[in-house]
Structure formats: structure tokens, C-alpha cells
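Every number for a ligand or one of its atoms is a count from 1 in the order of the listing.
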Amino acid sequence: MKERVIIFDTTLRDGEQSPGASMNAAEKLRLATQLEKLGVDAIEAGFPAASKGDLEAVRAIASKLERAEVTALARATKNDIDLAWEAIKGARKPRIHTFLATSDIHMKYKLNMSKDEVLKASVEAVKYAKSFTNNVEFSAEDGSRSDRDFLCKVFEAVIEAGATTVNLPDTVGYAVPDEFREMVRYVMTHTPNIGRAVLSVHCHNDLGLATANSLAALKAGARQVEVTVNGIGERAGNASLEEIVMALYTRKEHLGLETGINTTEIYPTSRLVSMITGIIVQPNKAVVGANAFAHEAGIHQDGVLKNALTYEIMRPEVVGLSSNRLVLGKHSGRHAFRDKLAQLGYDLTDEEVDRLFARFKELADKRKEIVDEDIEAMVAEEILRVPDVYELDYLNVVSGTVAVPTATVRLKIRGEEVQGAGFGVGPIDATFNTISKMTGSRARLLRFTVTAITGGMDAQGEVTVRLQENGLVALGKGADPDIITASAKAYVNGLNRLEYLKRNQEQPAQREGL
Ligand code: KIV
Ligand code: ZN
């Protein structure tokens, strides 16, 4: 029998630290529910000491999930651990995850602590966390750049204090696979009580090696791997869940390990993360990129038609990519629509289905064929992304070779209708200027991207904007067959996210050191 690897997902915590990738509480809850359906063993739901909003979101997730462990992050201080416990105490399977840096550079310049002080603080933190729950993880931040013997000493002491998981992070993505494998082996053989805890790894992707390093560590005996969906995360991101899971699945004979992941939920989860965070998945991304299963060269297509295994090492269905993408049209009824939503994994109320169905009919009037991605974009806008403050009600734009581009916009601002008009150098500029004037926003547009959700001249355009205000950055997304409307939706979505960030501003220095 193959040994089992624990999949610890940190999309909601480290993933949310991707620039601009903020999610509001409702979105986090929706994603946590999907992660549980995907089959992850543990979900790091957030960092409760970072903000009140984070604490509340973690609390909501803790009370909703049934099977997965719910983890909250805490620095090695009583206050952080209290807040982490406050957030997860309602979970069926709570876990406190506390951390302190062990590398010379972090201890000297960031913490200003000696080795002895770090050792003592780590043990105290674990003991304190242990007074709330048996399930305690300790992370040695910047572990991969730490002195090996000191690292083993810290691990031995925290296991003695009750840690059930010890995590070796490659915090800055500096490790290379053979060295990291060697380091994990060293920890396995030089930490006398390692058999009483699970050894975990947490790799960042600064050199593009996070997946390779994680797999090397599993080969050497680590049995928990910390990952994010689509590999999102701080800077260049974290090890990607889908890459590691599919490597273990596809190369099981070589790696000899298994996970509890339902691989057919990988693609829907990847789409959900991208829709909620606004972070686009690069087309050539392994496993979940738009081109991951596209065969362009004639010789490859010919081979795949004769036998898929000639050029395909995984079947698209295994990761949940349905081959039957053509779904509904103008004449499809509510029943078929509801079935399709269920097939896509959405369990919605009657009221939500009604709202979506009305939108579907509008779209079907404009387009002949509606595919899965169109429906997912609708679900994201209508159901998943919760408008906090602003809602787009109406947009009319005049532009052309002779007219001055003019936009008339009606918004709901905290439920109240407001109308405005304005000009710009183009129709999108006119729309953004008008919305910005009406909302009094000072946000700067850092980036504007348009992509087509599906192929064809009548494809829906998907617009992503990146907005910045007072040091806060938010992404906004919108989809519509009309790209000016899609742009307005994206802009309004971005402003909502900025409002959410403003309300949940982190307390000073909360994120320092992560
Ligand atoms: O990268 C890191 O070191 C972390 C720890 C908090 C586990 O995210
Ligand atoms: Zn990290």
C-alpha cells in the first residue's frame, strides 16, 4: 500500500498574500467549501491577528467545514495564538499553526533574538497553543537557510513541547531540489523524536523550483506538503497544488505516494480561485493552463487521435476538464440550466438560480452557444463576488470616429441609486472617469487586461483591472460580450475590493516577517 501525503492548502492565507488577491469573507467561505470538496486534508483559512476581517472569515470557515482540518496562523506570541484559537475553536478539527524564524539572517536582523531566545520562544508558543488543542504545527520560518543542527534542535524541542507537525519552509524560494532533499533527510535522521510528528515542507517559487523542491522533500520522507491552488502566493507564489498532486498521481510508480485529492475537482477549483482573486492563470501553466491539453503541432494531433498516450501523459477528464464543453442555448430551460450548474459543482438556492437564469437568458439572446466558462463567469459575478458598496446598474456609452467618447452610468452606492456622466479619450476612459467621479475614488489604474473567455467573434470579454489607492492594491474582474460593459464591471469590482481592504486594514506590522 502506498503511503499517504497530507495536502495542506494555504490558498486562503499565503495565496491571499499575492499582490492584489484579496478575497472578502463570503468569497473565502465559498472557496473553503470547494477546497473541502477537492479533498484537501487541511485548510489554512487565514491569519486572524492580521485583521478583524481575517479573524471573522476564519471563524465562519471553521464553523462550516465538516471534514477538513481548519488551521489558523499565529506568530509565536500569546496574543496571536489567542486570536488564532478564538477564530478556530468552533471547528470540528482545529489546528493552530505557529511560527518563528530560525535562520541567522532573520534572527539577527528581523527578530533581534539569539538562538537561545528563539528556541525558548518556539517552545513556549507550542506549549501555549497546546493548552487549547492537541493539533499544533510549528514552522521554522526561513528553515531552508537555517543552520541544520540548530533547526533539528528547535524541531526536537517543539516536538517535545507537543507539536504534532513540524514544517520546514523554503520561505524565500532559495533551495534547489537535491540540496533540499538532502536537508530533509538530515532533519529526518538528526531529530531524535521526529517519529512523533509529521514533517512538512512549504516551498516558494522564486526560482521556479517550488514543485520540484516539494517532490524532492517527499522523496526524502516529508509527509505533509503545503500548497496553493494555481500556485498563487507571496511574490512568485507557492508550490502549486495541482502540479504536486498530478505529479504524485501520474508518476505513482516512481514516487510511491498517494493523496486524498479528488483530481476531477482540480480544474473547477482552479477556475474558482482565478475568478475570485482576479489572478489570471497563464495559458501554459502545467495542469490547469488553457493550453495544458491543447495539441498544436499536426504531428502531435495525429498521434493523439491514434492513441492519446502518444503525447498526453494525463487525460483532461482526470483533472475535471470536461470534453463536452458545448452546453446550452437560447431554448434551454431552467431545468437544464440547473442541471448544468450542478454538473459544474454549484449547489445554489432557488433564488440564486433564478438570478443566474435571467442573466443566462440575456446572454443567450446575444450568443448562439453558451459554454461552461460563460456560466462560470456568470456565477462568479452574480453569486461569488459579493458587492460590498458599489453595484453597476446601467451603462450607456457613445463613441466613434467623430463623437467625443461619453459615458452615462447609474450605480447603486450602498443601495442608493446615483447617476452621472463624463468624458474621456476613449469609451473605457470615459466610463472609468465617470465611475471614479461618482464614487469619489482616488484609485489609480495600474493595469488593464482584456481576454476572450472562449473562442469566436461573439466570445465574452473578460477584463481584469488592477487598482491602487493609498498603498492598497486590488484586482477587479468583469465579463460581458461587450468589453466596455465588462470593463465597467471589472472597475466596480476592483473598487469594491479596495473598500473591503480599507475596512479590514491590517494592524501595523501585522504582516511583517511573513
Ligand atoms: O513562507 C513561510 O515561511 C510561511 C510560514 C509562515 C510557514 O509562509
Ligand atoms: Zn509562505
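Heavy-atom proximity to S139, at under 4.0 Å, picks out these atoms of ligand 1: 7 (C). Close approach of ligand 1 to H202 (heavy-atom distance below 4.0 Å) involves ligand atoms 1 (O), 2 (C), 4 (C), 7 (C), 8 (O). Contact atoms of ligand 1 toward E141: 3 (O) (distance under 4.0 Å to a heavy atom of the residue). Every atom of ligand 1 with a heavy atom of H204 under 4.0 Å away is listed here by number and element: 1 (O). Listed by number with element, the atoms of ligand 1 under 4.0 angstrom from any heavy atom of D14 are 8 (O).
Between F448 and F432, the ring planes lie perpendicular to each other; the angle is over 60°, past the 30° to 60° tilted range. Taking the six-membered ring where tryptophan is involved, the planes of H202 and H204 are tilted, since the angle between them lies from 30° to 60°. By the 30° and 60° cut-offs, the orientation of the rings of H97 relative to F8 is perpendicular.
Summarising the local packing, OH of Y174 is surrounded by 12 or fewer heavy atoms from other residues, nucleotides or ligands at distances under 6.0 Å. For R444, the CZ atom is loosely surrounded, since the number of other residues' heavy atoms within 6.0 Å does not exceed 12.
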Margin query: Let's go through E137 and T165 carefully: what are the C-alpha distance in whole Å and the side-chain angles of both, what is the deciding distance for side-chain hydrogen bond (donor to acceptor under 3.5 Å, both in side chains) to 0.1 Å, and is it a yes or a no?
Written below: CA-CA 5 Å; E137 170 167 342; T165 303; 4.6 Å; no
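Checking Q224 against E226 by side-chain atom types alone, a donor-acceptor pair falls below 3.5 Å. A donor-acceptor pair shorter than 3.5 Å can be found between the side chains of S103 and D142.
E56 places no side-chain N or O within donor-acceptor distance of the main-chain N or O of G53, the cut-off being under 3.5 Å.
Protein N/O/S atoms closer than 2.8 Å to the Zn ion (ligand 2): D14 OD2, H202 NE2, H204 NE2.
For R13, every heavy-atom contact with ligand 1 shorter than 4.0 Å involves the side chain, none the backbone.
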